[in-house]
K.L.:
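Structure provided below as structure tokens; questions to follow.
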Amino acid sequence: MLGLMQNQPLLISSLIEFAERHHGDTEIVSRRVEGDIHRYTYTDVAHRSRQVANALDSIKLQFSDRVATLAWNGYRHLELYFGVSGSGRVLHTINPRLHPEQIAWIANHAEDQVMCFDMTFLPIIQAVHSKCSTVKHWIALCDADKLPTDTGIPGLQSYESWMGQQSSSYNWPEFDENSASSMCYTSGTTGNPKAALYSHRSTILHAYAAALPDVMCLSARDSVLPVVPMFHVNAWGIPYSAALTGCKLVFPGPALDGKSIYELIEAERVTYAAGVPTIWQMLLGHMKPGGLKFGSLKRTVIGGSACPPAMIAAFREEYGVEVLHAWGMTEMSPLGTLCTLKNKHLQLPEAEQMKIRLKQGRAIYGVDMKIVNDEGKELPWDGKAYGDLLVKGPWILREYFKGEGGNPLVDGWFPTGDVATIDADGYMQITDRSKDVIKSGGEWISSIDIENIAVAHPAVAMAACIGVKHPKWDERPIIAVVKKPGAEVTREELLAFYEGKTAKWQVPDDVVFVDAIPLGATGKMLKTRLRDVLKDYKLPGI
Ligand code: AMP
């Protein structure tokens, strides 16, 4: 016997319809590429998303055709989120930090037909447009009078002249909720990038889950600053969860430096912000010297890379801001776990609570996870056994776009490539990427643990731990360190700093001071490139 409830497909258009009807006057604030602050409301987003849908109809774009964006977090990007997916096309967000050759490769692989880009990225578009064979329409996300005449890009139009003439009436179509809605290519540190293709259903279920109290805890009382880019995994789904809850959205545009982010948080009374650790490092770096404080910020979700304990402590103790450590990946839409305490933890002393907060957190309802050993045997949830982390759920990838890389699943589970422990309360802790763990004398050393100790030293701005070949131990860890401007620390002082903080055999064999650690397109440390840079490095005494 089937249930007798209405079978309404879960579609992205319903989010913006809901926000317009119930939160029509809630503000969306954007720092524009031009530098000024733009403000309007969900009513305006809804109107203009419908204009985008009409503009796509007018160029005869078919159901499931791809519309690419190369854009910062801002209101026009938001309109494309709803207008493109809502009308049945697929929004393809491209990471502008990728190499131009890779951008062209991705646009061709996705068969993008329209490319919408912020003027910041005009030089990239000028470099790649002749190589993007499927793109028929080039749209610059700017006012008509800001469009230069001599760009060399055939048929280039401004967004405002392209969509501004269209009607703001549009009946969002109803279709199968399993239809593709958006896509994002993985960072692709090895080989060509592969695309995760999200569906309306997966996006809406993820948006619901992301808004839950033990996840991002979003509400109509929040003012939310997604510093996580809309060009990478849909800014962790915040644009969708925001429309679902009716919270105010504050977009930073291209200004991601500490001063600009701080000013925006204060001016827009931001209560909740989400970003990767490097962004928050810049923010704290700006605030500390001037003794600045937050007036409204209550929570921040930090993920994308392991959050150093020193950062969680600084936010909590010096600024009264709760840090929620999160973990996920492109293939998971992206959220998998988030770290909040349980009722039984509330009476624990601060130091005990801190040990929990450092973990990547508990699975969100909808995400099933397990850890397995090399033979695929499931390991216990005791907080000690570590193994490959596998996940499954309705917003987790089944297969890559165009079947690239074959079937990625192992008995229906997606292997994340991360190595983790899970404790008896279900708190997962990433110990490493499987390719980054250091295998020394048959034991594994977590590069993240070694890095966390180094960045707790007051003179260290950034640290990356890699394994170096060793004739006896197979591999030994060394730590590459970037010093804070004007700060000093010697190799010996830093090695002495490890004493008592980790087992002796895990202390790195050497410290290498470097000017910078290579970062990938999503702000993560690129250890492959660091290993290349240090390829002639020899361990002392070997
Ligand atoms: P991406 O698909 O580019 O978002 O990268 C996903 C990968 O980032 C994960 O598989 C992890 O290796 C890493 N990652 C994400 N969040 C965290 C976190 N909180 N701690 C450690 N690693 C993380």
Side-chain angles (χ1 to χ4, degrees), residues 93-95 97-98 102 106 183-190 193-198 206 210 215-216 226-238 274-280 300-309 311-312 323-340 356-364 367 369 371 386 388-391 395-397 400-401 405 408 413-422 427-437 446-452 455 464-465 519-528:
T93 53
I94 303 183
N95 187 335
R97 298 199 181 107
L98 292 171
Q102 220 169 16
I106 283 176
M183 67 198 300
C184 178
Y185 281 73
T186 58
S187 317
T189 40
T190 50
K194 300 194 280 288
L197 186 63
Y198 311 112
H206 180 272
V215 189
M216 296 209 242
V227 186
V228 281
M230 290 167 81
F231 57 70
H232 186 60
V233 215
N234 300 326
W236 298 356
I238 291 174
V276 294
T278 32
I279 291 286
W280 301 132
T300 158
V301 169
I302 303 187
S305 314
C307 180
M311 184 177 287
I312 299 187
V323 171
L324 307 172
H325 199 184
W327 166 84
M329 60 196 308
T330 308
E331 290 87 338
M332 298 176 69
S333 302
L335 291 176
T337 64
L338 208 116
C339 199
T340 54
I356 302 172
R357 289 182 211 284
L358 295 180
K359 301 191 175 195
Q360 274 73 7
R362 294 182 278 122
I364 300 165
V367 175
M369 61 183 183
I371 42 174
Y386 49 81
D388 291 318
L389 178 63
L390 279 73
V391 288
W395 57 80
I396 293 167
L397 176 140
Y400 290 98
F401 181 53
W413 293 76
F414 180 79
T416 63
D418 288 322
V419 177
T421 61
I422 305 176
Y427 287 82
M428 185 276 285
Q429 183 159 29
I430 301 278
T431 55
D432 231 322
R433 284 298 287 168
S434 50
K435 56 187 187 313
D436 292 337
V437 269
S446 153
S447 65
I448 296 177
D449 286 351
I450 304 305
E451 287 154 11
N452 280 343
V455 293
C465 175
L519 296 180
T522 52
K524 293 183 214 294
M525 294 193 285
L526 267 191
K527 294 201 184 167
T528 38

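Every number for a ligand or one of its atoms is a count from 1 in the order of the listing. In what follows, every heavy atom counts, from backbone to side chain, and hydrogens, waters and symmetry copies are set aside.
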K.L.:
How many angstroms lie between atom OG1 of Thr337 and atom CG of Leu324, to the nearest 0.5 angstrom?
P.N.:
11.5 Å
K.L.:
By the definition side chain to side chain contact (heavy atoms under 4.5 Å, CB included), identify the one residue from Thr416, Asp418, Leu397 that meets it with Val391.
P.N.:
Thr416
K.L.:
Have a look at His232 and tell me which of Ile94, Thr330, Thr93 forms a side chain to side chain contact (heavy atoms under 4.5 Å, CB included) with it.
P.N.:
Thr330
K.L.:
Can you find an N/O atom of Cys307 closer than 3.5 Å to an N/O atom of ligand 1?
P.N.:
no
K.L.:
Would you mind listing which atoms of ligand 1 come within a distance below 4.0 Å of any non-hydrogen atom of Gln360?
P.N.:
18 (C), 19 (N), 20 (N), 21 (C)
K.L.:
When you compare the side chain of Val367 with that of Leu335, does any pair of heavy atoms fall below 4.5 Å?
P.N.:
no
K.L.:
In Å, rounded to the nearest 0.5 Å, how long is the span from OH of Tyr185 to CG of Leu98?
P.N.:
11.5 Å
K.L.:
Between Thr431 and Ser446 (side chain of the first, backbone of the second, donor and acceptor by atom type, cut-off under 3.5 Å), is there such a pair?
P.N.:
no
K.L.:
Is there a heavy atom in Gly417 that sits closer than 4.0 Å to ligand 1?
P.N.:
no
K.L.:
Could you list the atoms of ligand 1 found under 4.0 angstrom from a heavy atom of Trp327?
P.N.:
9 (C), 11 (C), 14 (N), 15 (C), 16 (N), 17 (C), 23 (C)
K.L.:
Can a non-hydrogen atom of Asp418 be found less than 4.0 Å from any atom of ligand 1?
P.N.:
yes
K.L.:
Are any of the N/O atoms on Ala326, whether in the backbone or the side chain, positioned under 3.5 angstrom from an N/O atom of ligand 1?
P.N.:
yes
K.L.:
Under 4.0 angstrom from ligand 1, any heavy atom of His232?
P.N.:
yes
K.L.:
Can you sort out which atoms of ligand 1 are near Thr330, meaning under 4.0 Å from one of its heavy atoms?
P.N.:
1 (P), 2 (O), 3 (O), 4 (O)
K.L.:
List every atom of ligand 1 that sits less than 4.0 Å from any heavy atom of Gly304, numbering the atoms from 1 in the order shown and giving each element.
P.N.:
8 (O), 13 (C), 14 (N), 15 (C), 16 (N), 17 (C), 23 (C)
K.L.:
Measure the CH2-NE2 distance between Trp327 and His325 for me, rounded to the nearest 0.5 Å.
P.N.:
11.5 Å
K.L.:
Heavy-atom distances under 4.0 Å are what count here, so tell me which part of Met329 touches ligand 1: side chain, backbone, both or neither.
P.N.:
both
K.L.:
Between Ser305 and ligand 1, find which residue part has any heavy-atom pair under 4.0 Å and reply side chain, backbone, both or neither.
P.N.:
backbone
K.L.:
Under 3.5 Å, is there a donor-acceptor pair linking the side chains of Tyr386 and Gln429?
P.N.:
no
